[in-house]
Amino acid sequence: MWKKRTLAMLALIQFGLLLLIGRLAQLQLIDTESFSNHNLIAESVAQRTQELMIDDGRGSFVDRNGKPLTKRYVPSLVLFPFLNTVTWPIEQVARIIDVPEEEIRRQLERANGPFVFEQDGEPLALSERQMKQINDLRIPGVLAVNKQYALETVYAPHVLGFTRPDRELLRQRYPKRPIPPRAEAGIQGLEKAFDEFLLADDETKLLYHVDAEGRPLFGLDVKYSEPGNPFYPVTVQTTLDRDIQQEMERIVDRYGLKKGGLVLLDIDTNSVLALVSRPNMDPRDPYKNRGAENQMVPPHIPGSIFKTVIAAAALDEGLASFKTMFDCSKKIDGITRDKEHDYGMLDLTDSFAVSCNNAFATLGKKLIQHDSDAFETYAEKLGLYPMAGWEGTVYREEQFRQFPEERKGTIWHDRHDKQVPLAVAQTAIGQKDVRVSPLGVANMMATIARGGEALKVRAVDQVLYKNGTTLFSFSPEPATNQEPLAPKTVQQLQQLLRGVVTKEEGTGRRFRSLPYAVAGKSGTAETGKTDDEGELINKWFAGYFPVDRPKYALVVVELDRPNGRTVTNDVFAAAVETLYAYDKNEQG
């Protein structure tokens with residue numbers, strides 16, 4: 001009996017040893033590069049390697065003038081701690097960078113790994129001459145490199161968006177592409193839209209190998225590890241102007257605009273110079289207080305801003321002229337007296353200037369009887385609707401969008417409303433179901449200022465290879481297949497928008513004294529929301545300037561704000577004054 005037990009025990013021990021040997025073979029011979037999603041060879045090497053990342057490999061953003069928006073590169077001196085244990089010409093390096101030898105030794109003694117030499121808490125920026133002199137010494141562990149740093153200032157966070165480490169998301173997006181260990185995914189804004197361009201191929205690192213006790217393995221010099229593709233990482237050149245963007249953000253915050261923001265377009269190129277959204281985004285916690293939402297690209301209730309579309313349609317279709325008279329003592333039903341806004345009988349130019357509701361309710365009803373799709377058609381002709389951002393074919397992607405969070409606007413939720421006079425009247429004054437984005441409103445103003453040519457709005461001009469050559473260029477794209485407005489209609493719209501500012505009772509008369517002559521339209525939209533202070537409104541002003549040589553289209557909107565306490569006009573005026581001063585300074 002005991003012999004059987006002994007044999008069974010020996011068999012179990014032998015089986016256990018076989019399992020152990022098989023496991024060791026799996027670890028060391030078979031699955032060394034894929035064991036439990038780990039590359040054991042790479043991790044073994046990593047345990048014997050000290051490294052300093054020079055560039056994370058993800059592409060970066062610059063403004064239209066080439067100024068960095070996300071990263072900067074500083075010519076830096078990198079030192080490795082094993083220098084403490086060897087004899088090297090420290091005095092030569094100290095002489096080249098003009099610092100005491102003792103300071104170099106002090107920073108080396110504190111170092112636990114490779115580091116960038118600092119002065120006054122900042123990386124010591126080297127000149128090209130200093131970099132060459134240092135690298136010509138060929139001292140192991142002493143190198144001059146262009147080191148990547150994140151910018152301290154966060155520019156245009158709602159345009160650029162943000163990234164986060166998310167390997168699972170990256171695997172879903174790019175199942176056939178190798179993903180570097182520390183790669184990040186673009187989650188929102190341009191970081192998301194251009195993620196496939198920006199995604200790192202690999203990191204650029206300086207590294208050296210050590211023995212089991214952390215001592216350098218001499219005979220192995222410091223290695224420079226970089227991606228195999230010399231054309232990456234890329235640079236995305238945006239249409240933003242970094243200096244103007246900063247000024248616009250200061251203005252919005254100076255006047256305490258809590259929800260809303262502004263969009264500033266360059267009319268000639270139909271591109272975003274600045275975009276500010278509030279609440280602001282905290283890069284450390286983007287979703288805090290809904291700060292990640294870009295309020296300039298989703299649709300909002302426009303109110304009287306939409307009357308610009310009705311005026312364009314009525315003039316272009318020959319249903320009204322400047323001499324057409326309207327009873328501006330009545331509400332939109334054409335019957336009830338408007339005691340709050342009793343302007344009497346006014347022609348079209350004065351009706352537009354004072355934003356007479358009954359005038360545009362009347363025109364809206366005539367338009368729907370004439371053409372049931374007139375509102376949509378003319379909103380599209382003006383570049384306002386359904387979307388305004390650049391969309392087109394980029395390599396294999398046919399619907400590439402520069403504004404991934406932009407959503408389609410609406411004019412009608414129910415087509416049967418076109419048969420209901422009151423619903424038509426409410427829609428004609430930008431209420432009921434009308435929703436358009438601030439980006440679209442800015443585009444409408446740019447279209448009118450430019451002479452009627454509607455284009456998609458760009459935020460990116462081109463993507464550049466590492467060597468500066470162009471990988472892809474974003475050419476202007478038509479915003480619609482519709483026939484453009486007649487030149488006469490465009491001129492009439494320009495006159496109407498100018499009258500809003502110049503006429504005595506115009507809703508934009510506040511802007512008469514600005515250094516640039518402004519044309520534009522105001523809007524006050526009822527939201528149906530209330531708080532302790534009463535009804536909340538959306539307050540808009542959108543326009544272009546200077547009138548004689550249109551250069552900028554600007555929209556400012558404050559959302560969900562108590563009536564009478566809005567700062568929209570203050571922000572618009574300050575923005576115009578700032579741009580005037582900016583242009584004067586640029587001209588010398």
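By convention here, the first residue in the shown sequence is residue 1.
- Taking 4.0 Å as the cut-off between side-chain N and carboxylate O, Glu191 and Arg164 do not count as a salt-bridged pair.
- Here the rule is side-chain contact (heavy atoms from CB on, under 4.5 Å) with Ser329, and of Asn358, Asp342, Leu346 only Asp342 fits it.
- Not one N or O on the side chain of His413 forms a donor-acceptor pair closer than 3.5 Å with the backbone of Val434.
- In this structure, the separation between CG on Leu363 and CD1 on Ile429 is 12.5 Å, given to the nearest 0.5 Å.
- For the pair Glu558 (side chain) and Val567 (backbone), a donor-acceptor distance under 3.5 Å is present.
- Note that the CG atom of Asn481 and the CD atom of Glu380 stand 7.5 Å from one another [nearest 0.5 Å].
- Counting heavy atoms from C-beta outward, Gln492 and Ser321 have side chains that stay 4.5 Å or more apart.
- Ring centroid separation for the pair Tyr544 and Tyr552 does not come in under the 6.0 Å cut-off.
- Ring planes of Phe400 and Trp390: perpendicular class, angle over 60° (limits at 30 and 60°).
- Here CG of Asp243 is found 7.5 Å from CG of Asn65. Values are rounded to the nearest 0.5 Å.
- Between Tyr580 and Phe545, a ring centre-to-centre spacing not shorter than 6.0 Å is recorded.
- Annotation: side chain of Val436 is not in contact with side chain of Pro299 (no heavy-atom distance under 4.5 Å).
- Of the N and O atoms on the side chains of Thr470 and Gln462, at least one donor lies less than 3.5 Å from an acceptor on the other residue.
- By the 4.5 Å heavy-atom criterion applied to side chains, Leu240 and Leu69 are counted as neighbours.
- Remark: Phe403 CZ to Ser437 OG distance equals 9.5 Å, nearest 0.5 Å.
- When ring centroids are compared, Tyr155 and Phe61 stay outside the 6.0 Å threshold.
- Asp373 has a carboxylate O that lies under 4.0 Å from a charged side-chain N of Lys418, or vice versa, which qualifies the two as a salt bridge.
- Side chain of Gln431 to main chain of Gly303: no donor-acceptor pair is present (N/O by atom type, distance under 3.5 Å, no hydrogens or angles).
- A salt bridge links Arg64 to Asp241: one of the charged nitrogens lies within less than 4.0 Å of a carboxylate oxygen.
- Between Asp338 and Lys331 there is no salt bridge, since no side-chain N of the basic residue sits under 4.0 Å from a carboxylate O of the acidic one.
- The residues Lys381 and Glu376 are annotated as not salt-bridged, no charged nitrogen and carboxylate oxygen being separated by less than 4.0 angstrom.
- Side-chain contact annotation: Gln245 with Glu249, donor-acceptor N/O pair under 3.5 Å present.
- To the nearest 0.5 Å, atom NE2 of residue His370 and atom CG of residue Leu319 are 5.0 Å apart.
- Within the 4.5 Å cutoff, no side-chain heavy atoms of Val276 are placed close to those of His158.
- Using a distance-only test at 3.5 Å, with no hydrogens or angles considered, no donor-acceptor pair links the side chain of Asn270 to the main chain of Ala446.
- Without hydrogens or angle criteria, Thr447 side chain to Leu382 main chain gives a donor-acceptor distance under 3.5 Å.
- In this structure a side-chain-to-backbone donor-acceptor pair under 3.5 Å is present from Arg498 to Val518.
- Heavy atoms from other residues, nucleotides or ligands lying under 6.0 Å from NZ of Lys365 number more than 12.
- Residue Leu160 holds its CG atom at 11.0 Å from CD of Gln188, rounded to the nearest 0.5 Å.
- For Glu317 and Tyr378, the side-chain atoms include at least one donor-acceptor pair closer than 3.5 Å.
- Salt bridge absent: Lys551 and Asp268 never bring a charged side-chain N and a carboxylate O closer than 4.0 Å.
- Looking at Arg509, its side chain does come within 3.5 Å of a backbone N or O of Gly506 through a donor-acceptor pair.
- If you check the side chains of Ser304 and Ser355, you find a donor sitting under 3.5 Å from an acceptor.
- In this structure, Tyr395 and Phe197 have tilted ring planes: the angle between them lies in the 30° to 60° band.
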Would you please test Val159 and Leu190 for side chain to side chain contact (heavy atoms under 4.5 Å, CB included) and show each step?
CA-CA 6 Å; Val159 181; Leu190 296 180; 3.9 Å; yes

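- Here the side chains of Arg278 and Asp253 are in contact, with some heavy-atom distance below 4.5 Å.
- Taking the six-membered ring for Trp and the full ring otherwise, the centers of Phe162 and Tyr287 sit less than 6.0 Å from each other.
- A side-chain donor-acceptor contact under 3.5 Å links Asn443 to the backbone of Leu455.
- Residue-environment remark: CZ (Arg254) exceeds the threshold of 12 foreign heavy atoms within 6.0 Å.
- Counting only heavy atoms from C-beta outward, the side chains of Leu273 and Thr239 never approach each other to under 4.5 Å.
- A salt bridge links Arg458 with Asp461: the closest approach of a Lys/Arg side-chain nitrogen to an acidic carboxylate oxygen falls below 4.0 angstrom.
- For the pairing with Glu405, the side-chain contact (heavy atoms from CB on, under 4.5 Å) check across Glu293, Met296, Lys192 returns one residue only, Lys192.
- Looking at heavy atoms from C-beta onward, Thr163 lies out of side-chain contact with Asp195 at the 4.5 angstrom threshold.
- Side-chain contact check for Lys539 and Asn569: no donor-acceptor pair (N or O, by modelled atom type) lies under 3.5 Å.
- Between Phe360 and Ile332 the shortest side-chain heavy-atom distance does not fall below 4.5 Å.
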